[in-house]
Amino acid sequence: MSFGVGLVVAFAALAASAPAPASYPPEGVRLALGATPDIMAVAWSTMENTSSPVTKTHVEWGLFGQALNNSAVGKEFLFFSNAQYDGNKYNFTTHAVNMTGLLPNTKYSYRVGDPDAGWSKKFYFTTQPTPETQAAHLPDVHILYGDMGTEFAYSLCENCDKSAVCNCDGATKGVVSEINDASLVLHVGDFAYDLDTLGGRIGDQFFRNVEPVSAYLPYMVSIGNHEDSDTTIAQFVERYRHMPSNSGTISSVNGVAPNNMYFSWDAGLVHYVSISTEIQANVLGADMVRKQFEWLEADLKKANANRHNVPWILVNGHRSMYCSCDGDCNQEAEQQREGPWVNGTYGFEQLFFDQGVDLFINGHEHNYERNWPTYKDKTDQSNLEPKATIYIVTGSAGCRELHEPFRMKQPPRSAYRSNTFGYSKMIVHNATHMRWQQIRTDPTFFPKSKYGEIIDDTWFIQHNHGPFSLENAPKHKPTKVLGREFDHWVGTGHPKGEIVLPHGHTWRHDKDTVVRYPGFVKEFGSAVWEDMHKSQLDRGTEGH
């Protein structure tokens, strides 16, 4: 897809204001949980553009409000796999180091950098609890979303727009407003759009944009389809090499690194498993399909044996297993559920059912859809003592591909769906009760006063964590849809020109694109319509 004009213009401004080549300050500081609660990992980049790393990897930390009297030295990793852009190609250095010996459920301050080249500003974080300190950590708030770009990153904060540079200073809403209440962020694939765009410059700016979140909260990830080319895989693998990998190593065009395509960790009462739905789509070959599945099966069995300490199991990836917006929800979703060859071999759905996975979270669709507990497309439409896995799509954080409408009728298994920009909030109250919310962050059809509103709010109550049983599994497809739907494309005209699309259509994929789309682009330009909506809203006109 072509880039918006704003992307290139913003990048030109970014290059003009870049620091002097010799300064090499830490950029894109990002935390990750360690393998145990007494470890917090941190990574950052320096834009040295040299044949070998120049700055060293140091971190200093201490109890919040006290001296930074602890220190550690990490490692530097040269990234040399950027493509040329505008006749130039540059390298950068990734730095990764662990802070260790941390107390559970405790707030710390820290800074990163090189004593000889300069430090970052001070940031802070709170460690994870141990089973003994868990009660004091509740309720535990987790933020989840997918498909956030460098431009149009509407969910990051209310200041973000079509520009590639988003400054969230002073923002009081959006993901940045959650850093003092939440304990982690999970980004389920598709970063920056794309990490290697403009020779990697857009990836660089993405990490600068999200630093007001990722430097304060562990920013956990899973890989998406926008990270499945040689250079974007390398970018993902290297940028997030500080994830708590427990699945060996992986090779990219940039070399060998810890395997962050599939790995797992505990966060309070939740066992998280990040998987690669790209592997399941057979992008990397049959052997990788087998290796991931066998590792995943072993990990889930191990997690089941520990449910007395960590009762909730949440698997996350990028592509959907259940959705209802377009063709992604047919054969592509079936490939995830039934395996790459759609014959049950290495299928995720049966594995999740057998191991009692509570939730599967994904992005890919640029909308939000929460399903009832579902097994083999059947549901009993109840979140009270679920009898199967709950599948949730949260891919509407905001990117240059904009909204994705629902072109399919809402099925009975769909409890709520909306194609407004937003992010999800998961609030773990205890071993049996979890609250789930969807926060709307859409300035394109709504006044600023509605930014940050909760549009979906429900509870999952499970007293019987563990493998699901076929005897109690949902066995019928209900005929009545109990779910709610918000599709702001239905009968909605553009504020200038009143061009109206039929239900379930989009400007980019409309069946009459040859007739409609060229006229739309001629009048409004590619993606310029976002600002058109905002000009209407600034005058107090609310959309549908």
Side-chain angles (χ1 to χ4, degrees), residues 1 81 146-147 187-191 193-196 221-238 240 243 245-264 273-300 315-355 357 360-366 374-377 389 391 393 395 401 404:
M1 186 175 292
S81 301
D147 303 76
H187 186 151
V188 289
D190 283 9
F191 303 81
Y193 283 75
D194 291 338
L195 291 172
D196 65 347
V221 297
S222 52
I223 195 167
N225 66 296
H226 277 256
E227 294 82 51
D228 66 6
S229 69
D230 285 347
T231 52
T232 51
I233 286 176
Q235 284 265 358
F236 177 87
V237 167
E238 292 295 331
Y240 293 114
M243 290 294 122
S245 174
N246 54 1
S247 55
T249 59
I250 191 98
S251 295
S252 74
V253 294
N254 208 73
V256 178
N259 185 2
N260 51 17
M261 288 195 175
Y262 51 92
F263 62 100
S264 66
V273 190
S274 285
I275 60 172
S276 170
T277 55
E278 299 312 293
I279 290 177
Q280 187 75 345
N282 206 17
V283 170
L284 299 179
D287 191 50
M288 284 293 287
V289 172
R290 176 188 60 80
K291 287 180 178 178
Q292 174 175 249
F293 186 89
E294 291 177 352
W295 174 88
L296 175 59
E297 184 175 35
D299 184 86
L300 291 176
V315 179
N316 69 94
H318 183 64
R319 300 190 191 220
S320 300
M321 289 180 60
Y322 282 106
C323 57
S324 63
C325 56
D326 57 21
D328 291 349
C329 308
N330 293 326
Q331 184 174 353
E332 186 179 296
E334 188 179 15
Q335 193 177 37
Q336 298 295 319
R337 296 195 306 268
E338 300 298 327
W341 303 282
V342 198
N343 61 2
T345 303
Y346 303 130
F348 285 151
E349 183 173 26
Q350 190 62 49
L351 177 62
F352 292 174
F353 185 85
D354 292 342
Q355 298 303 321
V357 172
F360 176 75
I361 311 297
N362 69 277
H364 197 46
E365 326 307 330
H366 297 166
T374 301
Y375 178 65
K376 303 296 184 182
D377 205 30
T389 302
Y391 296 89
V393 179
E401 293 183 359
E404 186 163 356

Ignoring hydrogens and angles, tell me if any N or O in the side chain of [X] forms a donor-acceptor pair with the backbone of [Y] under 3.5 Å.
{"X": "Ser247", "Y": "Tyr262", "value": "yes"}
{"X": "Asn260", "Y": "Tyr240", "value": "yes"}
{"X": "Asp328", "Y": "Ala333", "value": "no"}
{"X": "Ser274", "Y": "Val221", "value": "yes"}

Closest approach of [X] to [Y] (non-hydrogen atoms, all atoms of both residues):
{"X": "Ala257", "Y": "Val237", "result": "CB-CG1, 3.3 Å"}
{"X": "Val253", "Y": "Asp230", "result": "CG2-O, 3.6 Å"}
{"X": "Ser251", "Y": "Val256", "result": "OG-CG2, 3.5 Å"}
{"X": "Met261", "Y": "Leu284", "result": "SD-CD1, 3.8 Å"}
{"X": "His187", "Y": "Gly146", "result": "CD2-CA, 4.0 Å"}
{"X": "Val393", "Y": "Gly363", "result": "CG1-O, 3.7 Å"}

Report yes if some heavy atom in the side chain of [X] is under 4.5 Å from a heavy atom in the side chain of [Y]; otherwise report no.
{"X": "Met321", "Y": "Asn362", "result": "no"}
{"X": "Gln350", "Y": "Lys376", "result": "yes"}
{"X": "Gln280", "Y": "Gln335", "result": "no"}
{"X": "Ile279", "Y": "Phe293", "result": "no"}
{"X": "His226", "Y": "Leu195", "result": "no"}
{"X": "Asp299", "Y": "Val273", "result": "yes"}
{"X": "Ser264", "Y": "Trp295", "result": "yes"}

Using distance alone, with no hydrogens and no angle criterion, decide if [X] and [Y] have a side-chain donor and acceptor under 3.5 Å apart.
{"X": "Thr345", "Y": "Asn343", "value": "yes"}
{"X": "Tyr322", "Y": "Asp377", "value": "no"}
{"X": "Asp194", "Y": "Thr232", "value": "no"}
{"X": "Glu227", "Y": "His318", "value": "no"}

Looking at [atom1] of [X] and [atom2] of [Y], how far apart are the two atoms once the value is rounded to the nearest 0.5 Å?
{"X": "Glu349", "Y": "Thr389", "atom1": "CD", "atom2": "OG1", "value": "7.5 Å"}
{"X": "Phe236", "Y": "Ser229", "atom1": "CZ", "atom2": "OG", "value": "13.0 Å"}
{"X": "Met243", "Y": "Asn259", "atom1": "CE", "atom2": "CG", "value": "13.0 Å"}
{"X": "Ser276", "Y": "Phe263", "atom1": "OG", "atom2": "CZ", "value": "11.0 Å"}
{"X": "Gln336", "Y": "Thr277", "atom1": "CD", "atom2": "OG1", "value": "5.0 Å"}
{"X": "Ile223", "Y": "Ile275", "atom1": "CD1", "atom2": "CD1", "value": "12.0 Å"}

**Study point:** Option passing side chain to side chain contact (heavy atoms under 4.5 Å, CB included) with Tyr391 (candidates Ile361, Val357, Thr374)
**Key:**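 When side chain to side chain contact (heavy atoms under 4.5 Å, CB included) is applied between Tyr391 and each of Ile361, Val357, Thr374, only Thr374 qualifies.
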Practice item. In sequence, state the C-alpha distance, the side-chain angles, and the governing distance for Glu332 and Asp326, and then conclude on side chain to side chain contact (heavy atoms under 4.5 Å, CB included). Key: CA-CA 10 Å; Glu332 186 179 296; Asp326 57 21; over 6 Å; no
Practice item. Using the test ring-ring contact (aromatic ring centres under 6.0 Å, His included), find all partners of Tyr375 that sit at least two apart in sequence or belong to another chain. Key: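 Partners of Tyr375 by the ring-ring contact (aromatic ring centres under 6.0 Å, His included) criterion, ordered by chain and then number, come out as Phe353.
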Check your understanding: For Phe352, which residues count as a ring-ring contact (aromatic ring centres under 6.0 Å, His included) partner, sequence neighbours excluded?
Key ->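 If we apply the ring-ring contact (aromatic ring centres under 6.0 Å, His included) test to Phe352, skipping adjacent residues, the hits are Phe348, Phe360.
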Review point. Is the NZ or CZ atom of Arg290 both under 6.0 Å from the centre of the six-membered ring of Tyr346 and within 45° of that ring's axis?
Key: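 Not satisfied by the 6.0 Å and 45° rule.
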Exercise for review: Go through Ile250 and Ile233 one step at a time and tell me if the side chain to side chain contact (heavy atoms under 4.5 Å, CB included) criterion holds.
Suggested key: CA-CA 10 Å; Ile250 191 98; Ile233 286 176; over 6 Å; no
